[in-house]
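As the structure lists them, so they are numbered: ligands from 1, and atoms in each ligand from 1. These figures come from a predicted structure and were not determined experimentally.
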Amino acid sequence: MLCRDSVCRFVLMGLIVLFGLNGSVCLASTEITSEANNVNKLIIHTEAGKDTISPEIYGHFAEHLGRCIYGGFWVGEDSPIPNTRGIRNDVVEALKKINVPVIRWPGGCFADEYHWKDGIGLPQQRPSTVNSHWGMVTENNRFGTHEYMDLCEMLGCQAYISGNVGSGTPEEMHDWVEYMTFGGKSQMADLRRANGREQPWKVKYFAVGNENWGCGGNMTPEYYADLYKRFATYIRNYPGNNITKVACGPGWDDYKWFEVLLSSAAKSMDAISLHHYVFEGDWNHKGKATVFDEQGWFNTLKKTFFLDKMIVEIKKIMDKYDKEGRIGLFVDEWGTWWDVEEGENPGFLYQQNTLRDAVVAGCFLNIFNQHCDRVRMANIAQTCNVLQAMVLTKGEKMIVTPTYYIFEMYKVHQGAKYLPSDIVCNPYKSGSETLPSITASASKDKSGKIHISICNLNPEAPAELECSLEGFKVQKVTGRVLTADVMNAHNTFEEPDAVRPAEFKGIEIKDGKILATIPSKSVVVLAAE
Ligand code: AHR
C-alpha cells in the first residue's frame, strides 16, 4: 500500500508501522501482511526524494566512562601502544574507515560534573578529580579540550560538546566557548594560545546540559527551560564560528518535556535531543549481551521500533512550535544496553556486541534515515569499550564489532538524497506480538547510484524480496551482507573475524526489478546503478 497523497492511509493488516508525513509523499510506510509466505515487496520512489540524509545521523559519542577515553582513545604519548600525541593509531584508523562525521564529548552524565578548566594546561598540573558518576575512579584530566579537538582533527569530524548546566555556571560555559572559538585578543583566547593552540577551533555543536531531568540536575522541564534560555544566551558565535545550540530532551516518551521546552524556548534552540536505549527486559533486567534466546532477540527489536513511534509523536509537537522545520531532533544517545560483562567494573558499562546488536543498529539507522526531515543527528553510545561500541580494546589489541560493520556498510547514505519507500512484508511474530520481518531505507548519492539497506529481523527464515525502483532503470546491482549462523555470533580477541561482511550473492535483475533472498537475521546493503 503506497502513500502517494498528502495524507497517508493506514491499513491494518497485522501491524502497520507508519512514518512521518510532510509534503506529498510519505517518507516511508510499512504494511505487514496477515499471513507469511508472501514475497516481500519494497517500492522505492526514486524521483520523490527531497530530504538529504545528514551525515551526522551516523554520529558517535565518547564519554569519560570506563575505558572509552582512557584505554580506548587515549593511551598517552609514552605508551608502547602506537599512538599520535597520545591517541591510539589503531582506533583512529578503524574509525576513519566508517567516516565518523561527529563525536559527542565529554558526556553523558559526566558532562554535568565536568569543569573544563581542569582539562587544560600542563598535564602534570591538571588536578585529579573523581568521576563520581562512573565508578568513583580518579580522573586525572589528561584528556581534555585540546586532546579532544586533536582527535576530531585526526578523524576529520565535527565537534559536539556537552556543556555543564547541572553543576556549572553560565560564565563557565561562556568562557569555554570563548576559549575554543574566539580568534581575537581576550583572556580566554590568550589562555588557549598559552596552552599551545594559536588558531581558534571550529565548534559546530554545543549542548546545554545532558539528561537534566536526571543525572544532569533532576530538574523539571519548566525549570530546565528557564535555565536553558539563560545558559544559551551566553553561548556566543564569535567571528567565523556558528554554533548549533542543543537543548536537552527526554530519555523516554515524555512528550510533555518537548511541549514545555518547545513552547518556552524554541526561538533560542537549534536542536533538541532524545535518548533511547534498548534491552531485553526492563531497566533493572537488561539481559546479557551474548546469552539470550529468541524472545530476547524479539523484545530488543520491539523496543527499537518504539523509537519510530516516539519520533512520529515528537515530530507533531515540533511541527506545532517550529512550522518551518528549523529545529533538528538529535537522538544523541542510542543503542543497546546489556548487563556488564562478568568480572568487569559495574560502573564501566563494558559489554560484548553480537549479530543482534548489528541488526538493531541496522533497524535504528533505517528509522533515522526515514525521519531525516527532522532527525539531523544521532550518536550511538559509545565509541570504544562502552555499551554498543564500535571497537573493543584489550591492552595493545583492538577488535571491531558487528555494529562497526553496519556503520561501515551504511556510510553510503551519509549526505545522500533520501528516497521514500513503501514495504509490504511478512510478519515476524512472537506469541501475539508482531513486528515487520523487513525494514529498509534507500538513498541516491551524488553519482546517481542508489543504495538500499535492508534488515531481515526474522532469525529463522530468509525473506524473498522483490524491489521496484520507480523511475529508475536498474542495470547493475551488487551487495554486501552481514550475518552469521547464530544470533549471538560475535568477535573476540581470539577470533576477531567471526562476524564480518561478505559479498551478497542472492540477487538478480528480472523485468526491471531486483529480486533478492535476504538471509535470516541479516543486514544487506545493495548498490544499484
Ligand atoms: O551512555 C551512558 C549514559 O547513559 C550517559 O552518561 C547518560 O547520558 C545516559 O543515561
**Q** Please report whether ligand 1 has a polar contact with Gly108, defined as an N or O pair separated by less than 3.5 Å (distance criterion only).
**A** no
**Q** Quick check on contacts: which atoms of ligand 1 are under 4.0 angstrom from a heavy atom of Leu387?
**A** 1 (O), 2 (C)
**Q** I need the atoms of ligand 1 closer than 4.0 Å to a non-hydrogen atom of Gln382, numbered in the order shown.
**A** 1 (O), 2 (C)
**Q** For the rings on His371 and Tyr418, is their centre-to-centre separation under 6.0 Å?
**A** no
**Q** Which of parallel (below 30°), tilted (30 to 60°) and perpendicular (above 60°) describes Trp334 and Phe364?
**A** tilted
**Q** Of Lys96, Arg480, Arg500, which is the lone residue that meets salt bridge (charged side-chain N to carboxylate O under 4.0 Å, His left out) with Glu408?
**A** Arg480
**Q** Could you walk me through whether Tyr321 and Phe258 satisfy the ring pair (Phe, Tyr, Trp, His ring centres under 6.0 Å) test, starting with their C-alpha distance in whole Å, then the side-chain angles of each, then the deciding distance to 0.1 Å, before giving a yes or no?
**A** CA-CA 10 Å; Tyr321 296 104; Phe258 279 100; over 10 Å; no
**Q** Which part of Trp337 is near ligand 1, with near meaning a heavy atom under 4.0 Å away: side chain, backbone, both or neither?
**A** side chain
**Q** Quick one: which of Arg67, Met398, Lys397, Gln352 gives a side-chain contact (heavy atoms from CB on, under 4.5 Å) with Leu392?
**A** Gln352
**Q** Pull out every atom of ligand 1 sitting under 4.0 Å from any heavy atom of Asn210, numbered as shown with elements.
**A** 8 (O)
**Q** What protein heavy atom sits nearest atom 1 (O) of ligand 1, and how far away is it?
**A** Tyr277 OH, 2.8 Å
**Q** Among all protein heavy atoms in this structure, tell me which lies nearest to atom 3 (C) of ligand 1, with the distance rounded to 0.1 Å.
**A** Trp134 CZ2, 3.6 Å
**Q** In this structure, is the centre-to-centre distance between the rings of Phe292 and Trp338 below 6.0 Å?
**A** no
**Q** Judged on heavy-atom distance to atom 10 (O) of ligand 1, which of Glu63, His64, Glu211 sits nearest?
**A** Glu211
**Q** Within the distance-only criterion (no hydrogens, no angle test), does the side chain of Gln370 pair as donor or acceptor with the backbone N or O of Ala440 below 3.5 angstrom?
**A** yes
**Q** Can you tell me which residue and heavy atom of the protein come closest to atom 8 (O) of ligand 1, and the distance to 0.1 Å?
**A** Glu333 OE2, 2.7 Å
**Q** Validate the cation-pi geometry between Arg142 and Tyr70: distance from NZ or CZ to the six-membered ring centre under 6.0 Å, angle to the ring axis within 45°.
**A** no
**Q** For Phe61, counting its heavy atoms only, list the atoms of ligand 1 lying under 4.0 Å from any of them.
**A** 1 (O)
**Q** What part of Val386, side chain from CB on, backbone N/CA/C/O, both or neither, has a heavy atom under 4.0 Å from ligand 1?
**A** neither
**Q** By number and element, which atoms of ligand 1 are closer than 4.0 Å to a non-hydrogen atom of Cys109?
**A** 5 (C), 6 (O), 7 (C), 8 (O)
